[in-house]
Asks: 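First the structure, which I've put down as structure tokens, then a few questions once you've had a look.
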Amino acid sequence: MTAIPVLISLKSNAHRDEATEDETMSMLTSGSLEVDDAKAVIRYEESIDESQPPQQVELVVENETVTMNRGGAYSTQMVFRLGCRYEGQYRTPYGDMDLALYCTRLGYDLGEDGGDLELSYQLDINGRFAAMHDMELHLFRQGDEDEPEG
């Protein structure tokens, strides 16, 4: 698979309860997309804590499942499969936490020109409800390989 440079628009929303305002985040970044008939891999960098270097994020879309691998000081692996629960660890500089997620929506349409990935899930941290999350990624192919040299 060849890595295609893409511009990534990421929007996420965390809804905790009726009394708390939703926590929203939008980000525009560049990354890469590798895609074939069976699998897609999206890679980009993200900053959670400005005092830490950017973290590498990799999303693997395969067999109706999305696996998110996040490296760096705040590392984790999350597996999203519609109607399934996943349990794992969230590692931070301040200590590790147990996490569990239950995927309630999963959709994607990815190709050589970019595409879309949408997820909704319930997140529990250390056995307690944390929030309902919605995440949308829109990918746009960058550049044109057939540009004339000059």
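Each residue takes its place number in the sequence, starting with 1.
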Asks: Heavy atoms only: give me the nearest V35-L110 pair and the separation to one decimal.
Replies: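 Minimum heavy-atom separation between V35 and L110: CG2-O, 4.0 Å.
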Asks: Sequence neighbours left out, what passes side-chain contact (heavy atoms from CB on, under 4.5 Å) with D17? Give chain and number order.
Replies: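 Result, side-chain contact (heavy atoms from CB on, under 4.5 Å) vs D17: A19, T20.
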Asks: Just so I know, are the side chains of Y44 and L59 near enough to count as touching, which here means a heavy-atom distance under 4.5 Å?
Replies: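 With C-beta onward as the side chain, the pair touches.
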Asks: Within a reach of under 6.0 Å around CD of E112, are more than 12 heavy atoms found that belong to other residues, nucleotides or ligands?
Replies: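 Counting neighbours around CD of E112, 12 or fewer heavy atoms of other residues, nucleotides or ligands fall under 6.0 Å, so no.
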Asks: Enumerate, atom names and distances included, each donor-acceptor pair closer than 3.5 Å involving a side-chain atom of residues 75-83, sequence neighbours excluded.
Replies:
unit_1: T76; atom_1: OG1; unit_2: Q89; atom_2: O; d: 2.7
unit_1: Q77; atom_1: NE2; unit_2: N69; atom_2: OD1; d: 2.9
unit_1: R81; atom_1: NH1; unit_2: N63; atom_2: O; d: 2.6
unit_1: R81; atom_1: NH1; unit_2: T65; atom_2: OG1; d: 2.7

Asks: List in chain and number order the residues that pass salt bridge (Lys or Arg N to Asp or Glu O under 4.0 Å) with E118, two or more places apart in sequence or in another chain; answer none if no residue qualifies.
Replies: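 Listed in chain order: R105.
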Asks: Who clusters with M132? Use side-chain heavy atoms, under 4.5 angstrom, across I, L, V, M, F, W and Y, and order the result by chain and number.
Replies: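 Via sub-4.5 Å side-chain contacts, M132 links to F129.
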Asks: Should Q56 and E45 be marked as a side chain to side chain donor-acceptor pair (under 3.5 Å) after you check the CA-CA gap, both sets of side-chain angles, and the distance that decides it?
Replies: CA-CA 5 Å; Q56 297 292 324; E45 288 186 346; 2.6 Å; yes
Asks: Check the side chains of S120 and D134 for a donor-acceptor pair under 3.5 angstrom, ignoring hydrogens and angles.
Replies: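 Present: a donor and an acceptor within the cut-off.
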Asks: Please confirm whether the backbone N or O of Y108 pairs with a side-chain atom of D116, one donor and one acceptor, at under 3.5 Å?
Replies: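 No: the side chain of D116 does not pair with the backbone of Y108.
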Asks: Please determine whether the number of non-hydrogen atoms from other residues, nucleotides or ligands lying under 6.0 Å from atom CD of E62 exceeds 12.
Replies: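 Yes, because the 6.0 Å sphere around CD of E62 holds more than 12 heavy atoms from other groups.
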Asks: If only atom types and distance count, is the side chain of D124 paired as donor or acceptor with the main-chain N or O of G127 below 3.5 Å?
Replies: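 Looks like no, no N/O pair under 3.5 Å.
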Asks: Considering only heavy atoms from C-beta outward, does the side chain of E46 approach that of I8 to under 4.5 Å?
Replies: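 When only atoms from C-beta onward are counted, I8 and E46 do not touch, as no gap falls below 4.5 Å.
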Asks: Test of understanding: with side-chain contact (heavy atoms from CB on, under 4.5 Å), list the residues that count as partners of T92, not counting sequence neighbours.
Replies: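 Here the qualifying residues are Y74, Y90, Y94, M97.
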Asks: Report yes if some heavy atom in the side chain of T29 is under 4.5 Å from a heavy atom in the side chain of L10; otherwise report no.
Replies: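 No, side chains not in contact.
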Asks: What residues, two or more places apart in sequence or in another chain, satisfy side-chain contact (heavy atoms from CB on, under 4.5 Å) together with E34?
Replies: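 Expected list: M1, A3, V41, R43.
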Asks: Locate the shortest heavy-atom distance separating A40 from L33; write the atom from each residue and the value.
Replies: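 Result for this residue pair: CB-CD1, 4.3 Å.
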